[in-house]
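Below: one structure, written as structure tokens.
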Protein chains: 2
Amino acid sequence: MNGKPADLRVVRTKQAIRAALIALIEEKGFEAMSVKDITEHANINRGTFYSHYEDKFDLMDKCQQQLIEEMEIKIIRNIPQLIEGMKQSQNGTAPFAVPVPLFEFLHDNKSLMKALLGPRGDAGFQVKMKEFLSQALFERNKDVLVNGGNALVPPHYLSSYIASAHIGVIQEWLNGDTNEPPEEIARIISTMTINGPLFAAGLKGKDQA
Amino acid sequence: MNGKPADLRVVRTKQAIRAALIALIEEKGFEAMSVKDITEHANINRGTFYSHYEDKFDLMDKCQQQLIEEMEIKIIRNIPQLIEGMKQSQNGTAPFAVPVPLFEFLHDNKSLMKALLGPRGDAGFQVKMKEFLSQALFERNKDVLVNGGNALVPPHYLSSYIASAHIGVIQEWLNGDTNEPPEEIARIISTMTINGPLFAAGLKGKDQA
DNA sequence: TAAGATAATAAACAAACTGTCGTTTTAGTT
DNA sequence: AACTAAAACGACAGTTTGTTTATTATCTTA
């Protein structure tokens with residue numbers, strides 16, 4: 001995919017720009033930052049920025065696109081063999097296995113993810129993440145969403161509900177200082193989704209509101 | 001709260017600005033719009049804008065603040081008597097009563113809500129909505145979140161999960177063309193929260209993943 | 001309905017940011 | 001060490017910004 005060996009100066013510059021973007025998103029938000037802000041924070045010449053990106057929107061797009069692509073490679077394509085592994089082991093320890101690589105990835109890209117999903121982040125990226133999550137969580141069994149003979153709610157509301165719920169927990173996790181390991185977050189989130197949030201809270205599953 | 005009778009010219013101007021904001025959020029997003037864009041779209045003089053708002057951020061803040069305040073008045077303060085009403089009627093038809101006024105309000109302010117919660121909207125507003133929802137949904141029984149002796153997950157993850165899930169369904173509802181009535185959305189969302197999303201999908205509640 | 005009040009317009013202003021370009025300097029690659 | 005490409009520098013016209021002036025239009029209320 002990448003043919004060129006890459007000049008060290010380029011990677012340094014791009015790293016600096018990316019770091020500046022993250023810092024400035026958290027400091028003042030994407031909408032309030034100027035290209036000048038970015039280049040000053042990155043300690044590079046303004047012209048250099050324009051030799052790499054069209055404008056700040058282009059920068060934002062490319063950062064997001066890169067994240068999404070990496071996630072598709074590392075998570076979506078990995079699902080089949082994950083499921084295969086689950087079938088092998090047979091014990092009940094691994095029903096949360098699918099989300100784990102996701103949370104590991106989020107952890108590895110914490111600073112950017114935190115900025116993009118935070119209060120000064122980008123609502124458009126949240127939409128992309130929701131789409132990705134819907135795909136990752138339901139790809140393997142679309143029939144769940146489609147057959148719906150005995151579904152109590154329209155399927156698209158179901159996937160919206162679950163995907164957004166995941167985003168919410170991810171945001172809470174990234175912002176918090178408790179630093180649970182990826183496996184623990186996978187357990188927490190799966191517990192609420194499978195048993196229902198209220199059951200997970202310690203209430204009964206069906207009656208009691 | 002409002003002492004002044006209000007000049008008609010002022011309300012007309014403010015309405016035009018508000019409408020322009022909504023249109024431009026959906027057209028190009030808040031970050032990409034200029035004050036000039038707003039005033040041109042609203043057909044007012046640029047100076048007039050600055051006599052009402054400091055800048056576009058001030059405009060955005062005030063629009064959001066107004067929404068939140070109205071919601072607090074119409075929904076939060078209405079909860080006690082809603083619960084009282086539920087106790088009176090006793091039949092099982094009304095466990096979804098609390099969210100109904102919320103969805104009615106969202107429906108009444110659809111255009112602005114859709115813009116603010118949409119892909120070109122404001123992530124900060126989503127955070128405010130999440131806080132509001134947590135308050136509205138859990139205010140009446142905080143103990144659920146606090147006692148947690150038999151809770152399977154940390155309480156703050158539970159409220160994040162549920163509040164975000166609600167936002168997701170609301171977004172889907174506002175964007176869709178199906179136009180379910182507020183009562184139906186309240187039923188859908190409560191069903192998933194109470195029984196668990198997977199149960200609502202037509203699966204068993206606990207085993208089957 | 002007329003008088004007084006005030007909101008909106010029009011036009012101009014310096015300041016800042018934008019995107020682009022040509023030249024020079026710096027630094028990495030071979 | 002020589003070659004090459006990237007980064008820095010400085011300048012440019014074009015926008016947008018936020019403010020201010022004088023003027024016009026319109027609402028309120030007496």
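In what follows, every chain begins at residue 1, and chains take the letters A, B, ... in the order their sequences are listed.
A/I167 has its side chain out of reach of B/I167: every pair of non-hydrogen atoms, C-beta onward, lies at least 4.5 Å apart.
For the residue pair A/D37 / A/S34, a side-chain donor-acceptor distance below 3.5 Å is found, with atom types taken as modelled. For the 3.5 Å distance criterion, the side chains of B/K130 and B/S160 fail to qualify, holding no donor opposite an acceptor. Donor-acceptor pairing under 3.5 Å is lacking for the side chains of B/K114 and B/Q171.
For the pair B/G47 and A/V11, nearest-nucleotide mapping onto DNA chain D gives the more 5' position to A/V11. Mapping B/R12 and B/K36 onto DNA chain D by nearest heavy atom places B/K36 closer to the 5' end of the strand. Taking the nucleotide of DNA chain C with the nearest heavy atom to each of A/M33 and A/R9, the more 5' of the two is matched to A/M33.
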Test salt bridge (Lys or Arg N to Asp or Glu O under 4.0 Å) applied to A/E183 and A/R187, step by step:
CA-CA 6 Å; A/E183 296 80 12; A/R187 184 197 67 78; over 6 Å; no
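In the set C/dG19, D/dG18, C/dA10, the nucleotide with an atom closest to the side chain of A/R46 is C/dG19. Picking from D/dA11, D/dT17, C/dT29 the nucleotide with the shortest atom distance to the side chain of A/L8 gives C/dT29. With distances taken from any side-chain atom of A/S51 to the nucleotides C/dA8, C/dT9, D/dA7, the minimum falls on D/dA7. Comparing D/dT16, C/dT9, C/dT18 by their closest approach to the side chain of B/S34 singles out D/dT16.
Rounded to whole angstrom, the span from the CZ atom of A/F49 across to the C1' atom of D/dA6 amounts to 16 Å. Taking atom CD on A/E40 and atom C1' on C/dA16, their separation rounds to 12 Å, with Å as the unit. Going from atom CD1 of B/I44 over to atom C1' of C/dT6 covers 16 Å, rounded to whole Å. A/K56 places its NZ atom 14 Å from the C1' atom of C/dG19, with the value rounded to the nearest Å. Atom pair B/D58:CG and D/dT19:C1' shows a separation of 16 Å (rounding to whole Å applied). What separates CD1 of A/I38 from C1' of C/dT18 is a distance of 12 Å, to the nearest Å. Remark: P of C/dA8 and CD of B/Q15 are 12 Å apart, rounded to the nearest angstrom. The distance between atom CG of A/N45 and atom P of C/dG22, rounded to the nearest whole Å, is 16 Å.
An OP1 or OP2 oxygen of D/dG18 is reached within less than 4.0 angstrom by a side-chain nitrogen or oxygen of B/Y50. Between B/H52 and C/dA7 there is no side-chain polar atom (N or O) within less than 4.0 angstrom of OP1 or OP2.
In this structure, A/Y161 has its ring center no closer than 6.0 Å to that of A/Y157.
Of the residues listed (A/Q64, A/E69, A/E70), the one engaging A/Q66 in a side-chain contact (heavy atoms from CB on, under 4.5 Å) is A/E70, and it is the only one.
End-to-end axis angle of the helix from C/dT1-D/dA30 to C/dA12-D/dT19, using five pairs per end and rounding to 10°, comes to 30°.
In this structure, A/K56 satisfies the cation-pi test against A/F30, with its NZ or CZ atom closer than 6.0 Å to the six-membered ring centre and inside 45 degrees of the ring normal.
Residue A/D37 is classed as having no contact, given no heavy-atom separation below 4.0 Å to the nucleic acid.
Side-chain to base pairing of B/D7 with C/dA7: no donor and acceptor N or O lie closer than 3.5 Å to each other.
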